[in-house]
There are 2 protein chains.
Amino acid sequence: MGSVSRALNNYPHVSEELKNRVMAAALELGYQPAFLAHSLRRGETNSIGFLVGTIANPVIATIFEAATEVLADNGYAITLVSSRNKADLDIAYLRLLASRQVSGLIVSSAAESQDRSSALINNLGIPTVMLDRSIPYGELVYAVQSDHFSGVKEAVSHLIDQGHRQIAFIGGPKNFYPTQQRFLGFKKGLDEAGIPLRGELIRFTSFTETDAFAEALVLLRHHPLPTALIVAGNIILIGALMALQDRDLIVGRDMAVVACDDMSLTRLYRPSITTISRDLNLLGKTAARLLLRGIQDKKRRTERIIKLPTKLIIRESSNYNRRDWTE
Amino acid sequence: MGSVSRALNNYPHVSEELKNRVMAAALELGYQPAFLAHSLRRGETNSIGFLVGTIANPVIATIFEAATEVLADNGYAITLVSSRNKADLDIAYLRLLASRQVSGLIVSSAAESQDRSSALINNLGIPTVMLDRSIPYGELVYAVQSDHFSGVKEAVSHLIDQGHRQIAFIGGPKNFYPTQQRFLGFKKGLDEAGIPLRGELIRFTSFTETDAFAEALVLLRHHPLPTALIVAGNIILIGALMALQDRDLIVGRDMAVVACDDMSLTRLYRPSITTISRDLNLLGKTAARLLLRGIQDKKRRTERIIKLPTKLIIRESSNYNRRDWTE
DNA sequence: ACATTTTCGGAAATCGTTTTCTGAACGTTA
DNA sequence: TAACGTTCAGAAAACGATTTCCGAAAATGT
């Protein structure tokens, strides 16, 4: 009945007395509005879709959890789909989320090419935040990105300060946004120091440990060996470390290493590993807040792209001289 | 209209020709049944709720992703909520999922006590799979568990074979199912070898690295020092390794270590770490399949509990004699 | 030729809410 | 007293599908 609905939804033209009566009755009967009927009539589901390349990557999982916290506090539930790094699943899952009528989307899938999914996202008409992915061109599409470019550039300067001249780079797929940005920073860093780029010291790989291992081995077969290695990606790091161990190269002594993203592995490894770190929590929360604004502001007054800083954490792996870990 | 619905849903009494015509028209218009209306009438949402303690734990994330794959193949979408290891959020989130009318639940939250959430789950009337958690008593509640008991018992035997007599144990919260089972296996293993249990060599901690670090330090302050350490939990392992490094104890040489769950850290650490491994993929897929059967079979003919095996992977950290990692 | 079954379009009920509308009761003000 | 605004109950439409029902047309069987 009309008055009850007005009372429950705090609408005008309803007395305190009635409101209390309705509330009491609702509590008594344990009444909760049926989600489906509510959403059907209201036209929004209060749920947002989250597409990731894989949630098994702790970096993504941490970002997701941070975003989730903000969204949950605002009454949204998150339906998470993982494309397991398969581009065709990406678009299938986007369609799935759209058909579920989500109120918003956060996308951090790992397809090497974003072309098809970007086009789809633009057509969906759903407010979307691209999380650490390419710049969007759609009306309702926003982005939160880390400043990988500056991070790697800074790391290169650091290595050069340490006396390194032969610096190698290994990263994920070449067109994958973070890898791409990191590689640009790598080139810029070398360029500013007047060091020529050596193509044979650059490898791009897929997201699997075994691929990264194989590519890193290729890299470590060159003569003369590079003296430093920048590893762009936390999964890639595992493969790279395996390759270094396989070639009996001691990290820090035989090969300086700079990784990306600070995780338990980089902190616990002996020697500890220098990394280009970023605030994953902030990244996730910023993405969530940006999306919430995107959903509310239909006028599109919010800024489209937010770029967050990185921070170089220098540890033993790139700092052999003041090491205290050898015996 | 009636016929169209019959055609789309593959009901009897509809000719091939009409079916084709309807399909073509649906394709042409890009028609997709509106999720909300569909679910409202059908009385089921084709979505399942997944509650975890934290998705930032790679073990849970891997299990989740495996389960997700099976569920997605069967047309279900997953709404994931993470209670960030807070027990009160557990029940709030369970209510949230219930109010969203999910068709099924998978629960792997990390509350130290399951009492309140278990009671709630029993009242919900939603088919539920407890994932590596305590035995359920409700009608529609199922469980998939790993055989942590046997795993740790086997590990203890292995350590005793290696000559160890002073074996320490550090794990998560005492009432947390995996920790509890592992501790029982630990006691059983010692008991069978006639070795008395020393209370000062046993520590239980929370899920944070820093807590685990502190508790491990307490453990490593005892004289005489234990010669072997069983670490029950992958987050706990990080704290334990930090503590060992802090006390300048070399893993494998000064202290044998057995961890739980095989991850990149246990494989990459030098010396490599012996672990009680299990098939996380199988665990997730089994949980998903069990839930699907639970949703379909209203007769309750499916078995209630599935227990999956563990496998001891012996590496250098517990096998000092044939080590090849020292110089 | 008649009875029976299959096919299929249209009308209507249903799912559980929100929203809108109508009308009655009541109090206030001019 | 007439006019007006507030409060509230109940009726009814809407959201977009599924499902049931009815009846007409066509196909099939005897």
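- Not a single donor-acceptor pair under 3.5 Å links the side chain of R278(A) to the backbone N or O of D261(A).
- In this structure, the nucleotide among dT19(D), dT17(C), dG16(D) sitting nearest to the side chain of R42(B) is dT19(D).
- Between E65(A) and R84(B) there is no salt bridge, since no side-chain nitrogen of the basic residue lies less than 4.0 Å from a carboxylate oxygen of the acidic one.
- Spacing between atom CG of L40(B) and atom P of dT17(C) amounts to 9 Å, rounded to whole angstrom units.
- The side chain of H38(B) places an N or O atom within less than 4.0 Å of a non-bridging phosphate oxygen (OP1 or OP2) of dT18(D).
- Distance, R41(A) CZ to dA12(D) C1': 12 Å, rounded to whole Å.
- Atom CG in N46(B) sits about 12 Å away from atom P in dT18(D), given to the nearest Å.
- Look at CD on E44(A): it is 13 Å from C1' on dT18(C), rounded to the nearest Å.
- Side-chain contact between L71(A) and I106(A) is present, with heavy atoms from C-beta onward closer than 4.5 Å.
- With V107(A) as reference, I121(A) is the one residue of I121(A), L131(A), V141(A) to meet the side chain to side chain contact (heavy atoms under 4.5 Å, CB included) rule.
- What separates CZ of F35(B) from C1' of dT18(D) is a distance of 15 Å, to the nearest Å.
- If you take CG of L36(A) and P of dT14(C), they are 19 Å apart, rounded to a whole angstrom.
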